[in-house]
Q: 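Take this structure first; my questions come after.
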Amino acid sequence: MAFIELNDIVKVFKDRKRGTDMLAIDHVSLRLEKKEFLCLLGPSGCGKSTLLNMIAGFEFPTSGVVTVAGKPITGPGADRGMVFQQANLMPWLPVWDNVAFSLKLQGKSAAERRAAAQPFIETVKLKGFENHYPSELSGGMAQRVGIARALLQNPSVILMDEPFAALDAQTKMEMQEELVALWQRYEGTIVFVTHSVDEALILATKVAVMTHRPGRMRELIDIDLPRP
Ligand code: ADP
Ligand code: ADP
């Protein structure tokens, strides 16, 4: 069994107002192993976020099964870290406590949270910004905090939904390079949603192409690029 499996996934959204059904995902299957970096490519509205949200456990398939490490997904879990297009940071918490947010929920002390956050803050190159607040950060820095927050839980899957889409071209390029470097040291699987072919070719070891709605997977391309 593959590390991540999507078996014949169908997703129908109900429009309660109109009383109609909308087919968002139309029989999609996918298998991913550890260490793979998948870019999920396709036009806006084709169902990429929905597919990602089903691996995250935020959405459930209408039919079909999603498994990670052999277990069907029953909801969100620390084994799957999520990074969104907007970093969604807590504006009242400094960088270090945003990174350690999951530990705050577990009731860990400030000293423990600070110590746990530090290596991840360094991984995403934010050393020196520990005590800054989200309003003092650039867009790229905020995304770095979001990535550190996801990494802190030591997830075996990192799910990223257009995390660099709102960044300027220069910052985007830097973040892409940093993500490839991070991936080289990462033992898990990355699933990265983008509508940019360029971005997919820079990042991915595997590209899945979805078509316009209803979302179907038309191509799965293995990329064997030499890594820097
Ligand atoms: P993408 O990420 O590729 O832009 P989405 O997965 O966000 O696509 O959306 C796929 C389709 O499903 C779109 O038509 C979208 O409007 C619809 N959709 C997504 N989420 C919901 C929802 N919670 N309720 C109803 N329709 C939804
Ligand atoms: P994107 O295209 O960047 O994925 P969208 O604006 O399509 O983002 O969707 C943002 C969120 O809103 C999605 O996670 C989805 O769950 C929800 N959503 C999208 N379309 C609809 C819809 N028609 N009805 C209700 N919720 C929706």
Side-chain angles (χ1 to χ4, degrees), residues 4-32 36-68 72-77 80-89 139 142-143 146-147 149-150 155 157-169 172 175-176 179 183 188-223:
I4 300 177
E5 291 204 358
L6 280 73
N7 287 313
D8 205 22
I9 301 300
V10 173
K11 179 68 180 179
V12 176
F13 285 110
K14 302 245 176 240
D15 188 327
R16 290 201 186 83
K17 273 186 215 149
R18 281 186 232 150
T20 52
D21 287 351
M22 205 280 294
L23 181 60
I25 306 276
D26 186 13
H27 296 279
V28 166
S29 296
L30 182 64
R31 274 163 186 64
L32 293 172
E36 283 190 310
F37 192 144
L38 176 82
C39 278
L40 196 52
L41 192 62
S44 189
C46 73
K48 303 183 294 299
S49 297
T50 301
L51 211 62
L52 202 71
N53 287 340
M54 287 195 275
I55 303 173
F58 300 148
E59 303 262 18
F60 296 93
T62 306
S63 70
V65 183
V66 182
T67 60
V68 174
I73 298 297
T74 56
R80 285 151 286 137
M82 187 91 172
V83 182
F84 303 91
Q85 183 170 337
Q86 303 298 333
N88 298 326
L89 304 180
Q143 284 309 77
I147 293 169
R149 179 180 54 192
V157 184
I158 300 176
L159 304 168
M160 308 183 97
D161 197 352
E162 306 220 28
F164 307 148
L167 304 178
D168 64 84
K172 188 180 295 193
M175 299 287 290
Q176 288 166 343
L179 183 58
W183 168 77
T189 309
I190 300 181
V191 183
F192 186 108
V193 163
T194 180
H195 58 253
S196 160
V197 177
D198 285 356
E199 184 160 69
L201 294 178
I202 289 166
L203 296 174
T205 60
K206 188 172 269 193
V207 179
V209 183
M210 291 180 75
T211 53
H212 221 302
R213 55 180 91 147
R216 298 190 76 168
M217 205 162 277
R218 287 297 163 89
E219 300 271 4
L220 201 58
I221 305 159
D222 280 301
I223 300 181

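Numbering of ligands and ligand atoms starts at 1, following listing order. In this text the structure is predicted, and so the values were computed from the model without any measurement.
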Q: Is Met22 touching ligand 1 with its side chain, its backbone, both, or neither, if touching means heavy atoms under 4.0 Å apart?
A: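 Side chain only.
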Q: Which of the atoms of ligand 1 are close to Ala24, meaning less than 4.0 Å from one of its heavy atoms?
A: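 By the 4.0 Å cutoff, the relevant atoms are 12 (O).
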Q: Ignoring hydrogens and angles, tell me if any N or O in the side chain of Gln143 forms a donor-acceptor pair with the backbone of Pro163 under 3.5 Å.
A: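 Yes; judged by distance alone, with no hydrogens or angles, the pair exists.
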Q: Any nitrogen or oxygen of Phe13, main chain or side chain, under 3.5 Å from a nitrogen or oxygen of ligand 1?
A: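 No, no N or O pair falls under 3.5 Å.
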Q: Just to verify, which of His195, Gln86, Glu199 counts as forming a side chain to side chain contact (heavy atoms under 4.5 Å, CB included) with Glu162?
A: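 Among His195, Gln86, Glu199, the one that satisfies the side chain to side chain contact (heavy atoms under 4.5 Å, CB included) with Glu162 is His195.
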Q: State which residues pass side-chain contact (heavy atoms from CB on, under 4.5 Å) with Val12; sequence neighbours excluded, sorted by chain then number.
A: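 Testing Val12 for side-chain contact (heavy atoms from CB on, under 4.5 Å), a comparison that skips the adjacent residues, returns Val10, Asp21, Leu23, Thr62.
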Q: Determine whether Val68 and Ile73 make a side-chain contact, defined as any pair of heavy atoms from C-beta on separated by less than 4.5 Å.
A: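 Sidechains of Ile73 and Val68: in contact.
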Q: Have a look at ligand 1 and work out which part of Ser49, if any, has a heavy atom under 4.0 Å from it: side chain, backbone, both or neither.
A: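 It is both parts that get close, each with some atom under 4.0 Å.
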Q: Does some side-chain heavy atom of Lys48 sit less than 4.5 Å from a side-chain heavy atom of Asp161?
A: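 No. Closest side-chain heavy atoms not under 4.5 Å.
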Q: Would you say Gly47 has any N or O atom under 3.5 Å from an N or O of ligand 1, going by distance alone?
A: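 So ligand 1 has an N or O lying under 3.5 Å from an N or O of Gly47.
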Q: Please list, in number order, the atoms of ligand 1 under 4.0 Å from a heavy atom of Cys46.
A: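 Counting atoms of ligand 1 from 1, those under 4.0 Å from Cys46 are 1 (P), 3 (O), 8 (O).
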Q: With a cutoff of 4.0 Å, is Gly45 in contact with ligand 1, counting heavy atoms of the residue only?
A: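 Within the 4.0 Å threshold, so yes.
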Q: Describe, in one word, how the ring planes of Phe192 and Phe37 are oriented to each other, choosing from parallel (under 30°), tilted (30 to 60°) and perpendicular (over 60°).
A: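 Judged by the thresholds at 30° and 60°, the geometry between Phe192 and Phe37 is tilted.
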Q: Kindly say whether Val157 contributes a backbone atom to a donor-acceptor pair with the side chain of Arg80 at under 3.5 angstrom?
A: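 Checking the backbone N and O of Val157 against the side chain of Arg80, no donor-acceptor pair under 3.5 Å is found.
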Q: Give the numbers and elements of all ligand 1 atoms closer than 4.0 Å to a heavy atom of Pro43.
A: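 Once the distances to Pro43 are compared, the set is 3 (O).
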Q: What atoms of ligand 1 come within less than 4.0 Å of a heavy atom belonging to Lys48?
A: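 Answer for ligand 1: 1 (P), 2 (O), 3 (O), 4 (O), 6 (O), 8 (O).
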